[in-house]
Amino acid sequence: MNDYDIKDLDLASRGKKRIEWAERRMPVLTKIREIFKKQKPLKGIRIGACLHVTTETANLMRTLKDGGAEVYLCASNPLSTQDDVAASLVKDFGISVFAINGENRETYYSHIRSVLLKKPQITMDDGADLVSTLHLEMKENLADVIGGTEETTTGVVRLRSMARDGVLYYPIIAVNDAKTKYLFDNRYGTGQSTIDGILRSTNVLIAGSNFVVCGYGWCGKGVAMRARGMGARVLITEVDPLKALEAVMDGFSVVSSIEAARIGDIFVTVTGNISVLRKEHFEVMKDGAILANSGHFDVEIDIKALRESASSCREVRTGVIEYTFPDGKKVYLLSEGRLVNLSAAEGHPAEVMDMSFANQAKCVQFLLEKKEDLKPQVYPVPEEIDSSVASLKLALMNISIDSLTVQQKKYLRSWERGT
Ligand code: ADE
């Protein structure tokens, strides 16, 4: 068996059944796997992946392995690993996994280093911790790398900063920015799984609540839409005038974060930025307010300030910490301020991860095919890959769409004809 560090191999049989459950909902990735199995486009390539270790990720790892790659996987968040999935990947699929749910920061980074020690030629990251560790601590392994992919908005922002500072060593494809990724995974995936995480950890009624969404990017749009669908009064906070205007015209109340803090019952941060909810907000919150984050890092809620403002704290339900303030007011923090959708629930459903991970698999193939032409930059997903994923998804959902007639194509190319 390959090298690994996971919680318990005996969890494998439960993990395998869950991986198969997700597989049935990932027809595009399954189709790519079948093709990879025959053609072996990744033959002999070492891939280091730093992703949430979920049933959906397991199916991506199987696809890469069936394509001929040697695959090494670590977690992209200390609280998102599904230990049964990690066990099955090791036992049933022969994939090296270094991830344990609840691992501390030191173990989290030692697992990243374990993957980097395998000298990956392709990096597949979610949040850019693998890439940043490689560039900061293991520069000697950079020479082996052909290229990489990045799954999430926060990671793409970090990588663009690296490219801007001239320190990015190899080409990386921003999978997040494919339309078949962010329009579905970020919006419908985060929308549903965030509500799922809040419900699994609290079982509160969303209907009639004042539900505050901080950030109206694609993730925030999804969370707001689903909270409204469940009967909440949804309030949006934003710093970008355009997004704020969009929220207004989508029918939401847009308020300042201090105003929202006074009236909110449930708060979700999805901005990708630091200290969105901080001391000044905690001070004016109502008794019983619930705080959750669905942004990539645990920096959006200033937990240190929350701890310092409170006189005591205790765990009142799994993953729910009650902070009591000197005046007796109580505020509840979910999942230590880490991604609530992956810590308290199972992350995005397989149906949307199908498209995200189809893009991942195809982009690895693209990197290998085009390696001579690519520079150390952040690249978009090629348009052909993005649209092929959309077409395949529709076809596998048994949905037919129209195509342009010859006359319509001609009309779209012309300019002479007006009113
Ligand atoms: N990110 C969000 N949801 C996910 C999932 N189910 N698997 C892997 N990464 C994710």
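All ligand and atom numbering here is 1-based and tracks the order in the structure.
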Among all protein heavy atoms, pick the one closest to atom 5 (C) of ligand 1 and tell me residue, atom and distance.
Thr54 OG1, 3.6 Å

Only one of Thr269, Thr194, Thr271 clears side-chain hydrogen bond (donor to acceptor under 3.5 Å, both in side chains) with Ser294; which?
Thr194

Salt-bridge criterion met for Asp302 and Lys279 (N-O under 4.0 Å)
no

For Trp21, is the NZ or CZ atom of Arg25 found under 6.0 angstrom from the centre of its six-membered ring and inside 45 degrees of the ring axis?
yes

Kindly assign one of parallel, tilted or perpendicular to the pair Phe252 and Tyr216, based on the angle between their ring planes and the thresholds 30° and 60°.
perpendicular

Checking Asp129 against Tyr108: is there a side-chain donor and acceptor pair closer than 3.5 Å?
yes

Using a 4.0 Å heavy-atom cut-off, which part of Thr190 comes near ligand 1: side chain, backbone, both, or neither?
neither

Distance under 4.0 Å to a non-hydrogen atom of Phe357: what atoms of ligand 1 satisfy this?
8 (C)

Write out the residue and atom name of the closest protein heavy atom to atom 10 (C) of ligand 1, then the distance separating them to 0.1 Å.
Met353 CE, 3.6 Å

Distance under 4.0 Å to a non-hydrogen atom of Thr57: what atoms of ligand 1 satisfy this?
7 (N), 8 (C)

Is there a donor-acceptor contact under 3.5 Å from the side chain of Arg278 to the main chain of Ser275?
yes

In terms of atom number and element, which parts of ligand 1 are under 4.0 angstrom from non-hydrogen atoms of Glu346?
6 (N)

Heavy atom of the protein closest to atom 1 (N) of ligand 1 (residue, atom name, distance)
His52 CD2, 3.6 Å

How close does the nearest protein non-hydrogen atom get to atom 3 (N) of ligand 1, and which residue and atom is it?
His348 N, 2.8 Å

Within a radius of less than 6.0 Å around NZ of Lys329, do more than 12 heavy atoms belonging to other residues, nucleotides or ligands occur?
yes

Contact check, Leu51 vs ligand 1, heavy-atom distance below 4.0 Å:
no

